[in-house]
> 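Have a look at the structure that comes next, please.
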Amino acid sequence: MSDESQIEIPPSFVALYVPPGRIKPTLARAELTARYELCEDMAQMLVDTARTMEFSLGITQDDVLQRVGQGLRVEPTVVNESEAGWVVTRLAELLGPSGPG
């Protein structure tokens with residue numbers, strides 16, 4: 001059994017590659033898995049950076065997420081527009097609820 005078959009890609013990520021009115025993603029399973037792993041790894045790696053930004057700059061978590069989102073869209077990009085949005089959403093999940101604002 002390959003490692004690839006054991007990776008569970010969340011429906012929220014698969015949805016990025018399913019055109020309206022279709023049920024199958026536009027990417028092959030291997031490519032979809034690779035894109036998901038890249039985005040998940042990126043979100044995981046950004047947790048410490050985001051927390052550092054929040055406390056060192058004295059800004060809210062929403063401001064941090066906005067800045068991270070802008071950074072993900074700077075050329076040359078590693079992720080596409082949809083993936084950037086997914087990474088920011090995933091990062092927000094990993095950071096948990098923000099404190100009282």
Side-chain angles (χ1 to χ4, degrees):
M1 183 182 287
S2 72
D3 290 348
E4 177 180 288
S5 65
Q6 295 184 12
I7 294 174
E8 189 172 327
I9 302 172
S12 62
F13 191 83
V14 174
L16 301 179
Y17 290 98
V18 178
R22 305 290 300 254
I23 58 171
K24 289 181 69 175
T26 56
L27 296 180
R29 173 71 185 187
E31 189 175 354
L32 186 64
T33 300
R35 296 304 302 172
Y36 166 69
E37 287 181 313
L38 171 72
C39 291
E40 178 65 25
D41 288 349
M42 189 172 294
Q44 295 282 343
M45 290 187 316
L46 285 167
V47 169
D48 287 339
T49 301
R51 286 189 176 132
T52 299
M53 286 173 63
E54 186 175 359
F55 295 109
S56 67
L57 299 176
I59 59 178
T60 66
Q61 184 173 304
D62 288 341
D63 289 337
V64 169
L65 294 170
Q66 181 180 12
R67 289 178 183 208
V68 168
Q70 290 170 341
L72 290 171
R73 291 168 174 91
V74 172
E75 293 292 334
T77 60
V78 175
V79 295
N80 65 38
E81 184 70 23
S82 297
E83 291 171 341
W86 188 90
V87 169
V88 170
T89 300
R90 179 67 176 128
L91 177 59
E93 291 172 355
L94 294 169
L95 291 173
S98 59

> In Å, rounded to the nearest 0.5 Å, how long is the span from CG of Leu27 to CZ of Arg35?
8.5 Å
> Compare all side-chain heavy atoms of Tyr36 with those of Val14 and state whether any distance is below 4.5 angstrom.
no
> Identify, with sequence neighbours excluded, every residue that meets side chain to side chain contact (heavy atoms under 4.5 Å, CB included) alongside Ser82.
Leu16, Asn80
> Do Leu95 and Val47 come within less than 4.5 Å of each other through their side chains, counting heavy atoms only?
yes
> Search all heavy atoms of Gly69 against all heavy atoms of Val88 and return the closest pair with its distance.
CA-CG2, 3.6 Å
> Look up atom CG in Leu94 and atom CE in Met45, then write down how far apart they are to the nearest 0.5 Å.
12.0 Å
> Closest approach of Ala84 and Leu72, non-hydrogen atoms and distance?
O-CD1, 3.8 Å
> Tell me, which pairs form a salt bridge (Lys or Arg N to Asp or Glu O under 4.0 Å) where one or both residues lie in residues 62-71, sequence neighbours left out?
none
> Using every non-hydrogen atom in the two residues, find where Ala43 and Leu91 come nearest and quote the distance to one decimal.
O-CD1, 3.7 Å
> Got Arg29 and Ile9 here, is their nearest side-chain heavy-atom distance under 4.5 Å?
yes
> Apply side chain to side chain contact (heavy atoms under 4.5 Å, CB included) to Glu81 and list each qualifying residue two or more places apart in sequence or on a separate chain.
Arg73
> Can you name the side chain to side chain contact (heavy atoms under 4.5 Å, CB included) partners of Thr26, sequence neighbours left out?
Tyr17, Pro19
> What's the shortest heavy-atom distance between Glu83 and Cys39, and which atoms?
CB-SG, 3.6 Å
> Does anything in residues 86-96 pair up under salt bridge (Lys or Arg N to Asp or Glu O under 4.0 Å), and if so which pairs, sequence neighbours excluded?
Glu40-Arg90, Arg90-Glu93
> Say you draw a straight line from OG1 of Thr49 to CD of Glu54; how long is it, rounded to the nearest 0.5 Å?
13.0 Å
> Just jot down the side chain to side chain contact (heavy atoms under 4.5 Å, CB included) partners of Val78, sequence neighbours excluded, or say none.
Leu38, Met42
